[in-house]
Structure formats: structure tokens, C-alpha cells
Amino acid sequence: MRGRGMRAAVFRTLVLVVLVLLWEAATRLAASAFFPPPSTIVTRMHAMWFSGPAGQGFLTDLAVANILPSLGRMALGFAGGALAGVVLGLAVGLSARAYDYLDGVLQFLRAIPPPALVTVFLVVFGFGLRMQLAFIMFSIVWPVLLNTADGARSVEPLHLDTCQAFRLSRAERLLRVVLPSALPKMFAGLRLALSLSLIVMVFSELLPGTTNGIGFQLTDAYATFDLPAMWAGIVLLGMLGYLLNELFLIAERRVLGWHHAAQQLVD
């Protein structure tokens with residue numbers, strides 16, 4: 001198994017290297033100012049963000065002033081939206097009547113594209129951090145809420161009957177039976193919400209009134225026709241998305257190790 005994992009990692013690395021080399025060759029042949037080669041983009045990324053002092057983690061002042069605030073907004077928005085989604089999802093999923101009454105409303109709200117509500121959030125919260133956090137939380141709460149509710153509803157009836165037979169309290173039933181059963185679907189919603197929070201965070205920073213962040217830098221680079229800086233921001237977002245997803249998968253494998261082991265036994 002370890003050898004197979006190593007071969008897969010080497011193969012993925014080779015594919016990535018080949019794709020980057022093809023990208024480099026294609027952009028140099030095209031010689032278009034709108035599509036700088038990857039070498040130029042990486043050089044610009046290093047100069048902009050990763051050429052700082054060692055005591056600062058090699059981050060430049062520009063990185064501290066823009067990347068860290070973006071990650072902070074994303075983390076706060078994700079934490080608030082995930083917490084609200086889990087709590088509301090469990091509440092809705094544990095009540096068949098509440099689920100029947102609210103399912104249509106929740107599906108309707110989930111289907112509304114968050115950018116369509118930007119004006120509403122600006123009117124209610126104004127420009128600034130409060131609006132950005134509320135916008136991120138509203139955008140990501142729905143996949144977490146709906147997946148958690150679905151997971152809570154999918155508890156085996158035999159397990160619930162066992163809880164009644166042992167006279168477990170509601171709190172014990174929730175912690176020992178319902179929550180473990182809902183965790184796989186809950187994590188599926190959280191993973192989707194994580195990628196969505198990065199997208200929505202950038203969108204919120206493209207709005208007027210923003211003074212820092214990766215989205216703000218993208219807007220500034222586009223306005224000044226600094227295309228290498230614009231592409232540097234795009235590549236940085238891709239790298240952040242990949243890194244956050246890998247970290248989430250590591251946490252998921254640790255938390256749901258029992259679930260994956262049970263699935264392997266069934267297969």
C-alpha cells in the first residue's frame with residue numbers, strides 16, 4: 001500500500017511538471033502580454049509576497065497586509081457559517097415535522113446565488129468587515145445545514161430503538177448515536193463549504209470599500225494593467241485552495257477513520 005501511494009504521488013508530480021512545462025512553452029510561443037509564462041508569474045509571486053525576512057516567515061509586508069487578512073476573513077466566515085449550519089442542520093434533521101415544513105424554504109434559499117444578494121448585504125451591514133463576514137457565512141451555511149440535516153435523518157431506526165431500550169437521554173442520544181451517524185455527510189458539506197468560502201471571500205474583496213486582501217490586489221492589478229501580478233493572485237488562490245483541501249482531508253481521515261474502516265470491511 002505504501003509503495004502504491006508513493007507511485008501515485010510521483011505520477012501526480014510528473015503530470016503537474018509536464019503541464020507547467022507545456023504552459024511555459026505555449027505562453028512563450030504566443031508571446032501575449034495577457035498570458036505571461038509561469039516563470040514570470042512565480043518570480044512576481046516571490047517578489048510580492050515571499051521575499052520577506054526569515055523572522056516574518058519570509059512574508060513581505062505586502063503579504064502580511066493582504067494575504068493574512070483574507071485568510072482571517074475566510075476562517076471567521078467559515079467557522080461561523082459551519083457552526084450555524086451544524087446546529088440548525090441537527091435541529092431540522094432531528095424533527096421530521098420541522099424538516100417537512102422547512103425543506104422547501106431551505107432549498108429555495110440555497111438556490112439563490114450569493115452575488116445576487118450583495119446589494120441587500122450592503123444595505124443591511126454597510127461596507128467593511130461585517131458585510132464580508134455575513135456574506136461568507138450566508139453563502140456557506142446551506143451545504144453544511146442540508147448535509148447535516150440529511151445525515152441526522154439517515155440514522156438507522158434500530159440504533160434509535162436501542163437508545164430507547166437503554167433509556168438514553170436526548171443529549172446522550174445526540175452525542176453517541178446521531179452525531180456519529182451524521183458526521184460523514186456533515187464533513188461532505190463542510191468540504192464543499194470550505195472551497196466555497198474561498199471563492200466568496202475573494203468576491204467580497206472585489207466590492208467597493210475594500211482596502212486590503214487578495215481580491216483587492218486582483219482588482220488593483222487589473223486596474224493598473226499589471227497582468228503578472230493579476231496572474232500571481234490567481235495562482236496563489238489555486239494554491240491556497242489545494243492546500244486547504246488537503247489539510248481538510250487529513251483532518252477528515254483522522255475524525256472519520258472508523259467510518260472508512262467500516263466501509264472497507266463492507267466492501
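Positions are given from 1, in the same order as the sequence printed here.
Sorted by first and then second residue, the pairs that involve residues 189-239 and meet ring pair (Phe, Tyr, Trp, His ring centres under 6.0 Å), not counting sequence neighbours, are Phe34-Phe225, Phe35-Trp231, Phe135-Phe203. Residue pairs meeting the side-chain hydrogen bond (donor to acceptor under 3.5 Å, both in side chains) criterion with at least one partner in residues 141-152, sequence neighbours excluded, are Asp150-Lys185. Residue pairs meeting the ring pair (Phe, Tyr, Trp, His ring centres under 6.0 Å) criterion with at least one partner in residues 49-93, sequence neighbours excluded, do not occur; the list is empty. Within the structure, every pair that satisfies the salt bridge (Lys or Arg N to Asp or Glu O under 4.0 Å) test and touches residues 39-48, not counting sequence neighbours, is listed here: Arg44-Asp226. Note on residues 199-209: pairs passing side-chain hydrogen bond (donor to acceptor under 3.5 Å, both in side chains), not counting sequence neighbours, are Ser70-Glu205, Arg73-Glu205.
Separation of atoms CZ (Phe187) and CG (Leu192) is listed at 14.5 Å; rounding is to 0.5 Å. Taking OG1 from Thr219 and CG from Leu207, the interatomic distance works out to 8.5 Å, rounded to the nearest 0.5 Å. Rounding to the nearest 0.5 angstrom, the gap separating the OG1 atom in Thr211 from the CG atom in Asp220 is 12.0 Å. A distance of 8.0 Å separates CD1 of Ile140 from CD1 of Ile136, quoted to the nearest 0.5 Å. To the nearest 0.5 Å, the span separating CG on Leu249 from CZ on Arg253 amounts to 5.5 Å. Gln217 CD to Leu236 CG: the interatomic distance, rounded to the nearest 0.5 Å, is 8.5 Å.
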Evaluate the criterion side-chain contact (heavy atoms from CB on, under 4.5 Å) for residue pair Leu71 and Met201; output intermediate values, then yes/no.
CA-CA 9 Å; Leu71 293 178; Met201 176 270 292; 5.5 Å; no
Applying side-chain contact (heavy atoms from CB on, under 4.5 Å), run through Val87 and Leu145 and close with a yes or a no.
CA-CA 8 Å; Val87 173; Leu145 192 159; over 6 Å; no
Show, in sequence, the C-alpha distance, side-chain angles and deciding distance for Val42 and His46, and conclude whether the side-chain contact (heavy atoms from CB on, under 4.5 Å) test is met.
CA-CA 6 Å; Val42 171; His46 178 265; 5.6 Å; no
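Contact check for Glu252 versus Leu256: side-chain heavy atoms found under the 4.5 Å cut-off. Taking the side chain as every heavy atom from C-beta outward, Met45 and Met239 approach each other to under 4.5 Å. Contact of the Leu88 side chain with the Val144 side chain is not registered, since no non-hydrogen atoms from C-beta on lie closer than 4.5 Å. The shortest distance between side-chain heavy atoms of Leu244 and Phe248 does not fall below 4.5 Å. Residues Leu194 and Met74 have side chains in contact (heavy-atom distance under 4.5 Å, counting atoms from C-beta outward). Here the side chains of Arg254 and Ile250 are in contact, with some heavy-atom distance below 4.5 Å. The shortest side-chain heavy-atom distance between Gln132 and Val200 does not fall under the 4.5 Å cut-off.
Linking ILVMFWY residues whenever their side-chain heavy atoms come closer than 4.5 Å, directly or via other members, leaves Val124 and Met137 in distinct clusters. Linking ILVMFWY residues whenever their side-chain heavy atoms come closer than 4.5 Å, directly or via other members, places Leu76 and Leu129 in the same cluster. Following chains of ILVMFWY side-chain contacts shorter than 4.5 Å, one cannot reach Leu133 starting from Ile214, and the two form parts of different hydrophobic clusters. In terms of hydrophobic clustering, with Ile, Leu, Val, Met, Phe, Trp and Tyr side chains grouped at heavy-atom distances under 4.5 Å, Leu94 and Leu179 are assigned to a common cluster. A chain of hydrophobic side-chain contacts below 4.5 Å, direct or via other Ile, Leu, Val, Met, Phe, Trp or Tyr residues, connects Leu227 to Leu237.
Clustering of Ile, Leu, Val, Met, Phe, Trp and Tyr by side-chain heavy atoms under 4.5 Å joins Val18 with Leu22. Hydrophobic clustering, defined by side-chain heavy atoms of Ile, Leu, Val, Met, Phe, Trp and Tyr closer than 4.5 Å, groups Leu19 together with Phe11, Val15.
Partners of Leu122 by side-chain contact (heavy atoms from CB on, under 4.5 Å), not counting sequence neighbours, listed by chain and number: Val118, Phe127, Met131. Partners of Arg191 by salt bridge (charged side-chain N to carboxylate O under 4.0 Å, His left out), not counting sequence neighbours: none found. Remark: Arg130 engages no residue in a salt bridge (charged side-chain N to carboxylate O under 4.0 Å, His left out) (not counting sequence neighbours). Remark: Asp103 pairs with no residue by the salt bridge (charged side-chain N to carboxylate O under 4.0 Å, His left out) rule, at least two apart or across chains. Every side-chain contact (heavy atoms from CB on, under 4.5 Å) that Val17 has, sequence neighbours left out, goes to Thr13, Leu21.
Put simply, the side chain of Thr60 gets close to the backbone of Met48: a donor and an acceptor are under 3.5 Å apart. At least one donor-acceptor pair closer than 3.5 Å links the side chain of Glu24 to the backbone N or O of Ser39. Between the side chain of Ser95 and the backbone N or O of Ala91, no donor-acceptor pair lies under 3.5 Å.
Of all heavy-atom pairs between Ala221 and Ala229, the closest is CB-CB, 3.9 Å. The two residues Leu90 and Val178 make their nearest non-hydrogen contact at CD2-CG1, 4.4 Å. Closest of all the heavy-atom pairs between Ser139 and Pro143 is O-CD, 4.2 Å. Taking each heavy atom of Asn66 and Leu62 in turn, the nearest pair found is ND2-O, 2.9 Å. Contact detail for Met230 and Leu218: the closest heavy-atom pair is O-CD2, 3.2 Å. Looking at every heavy atom in both residues, Thr27 comes nearest to Pro38 through OG1-CD, 3.8 Å.
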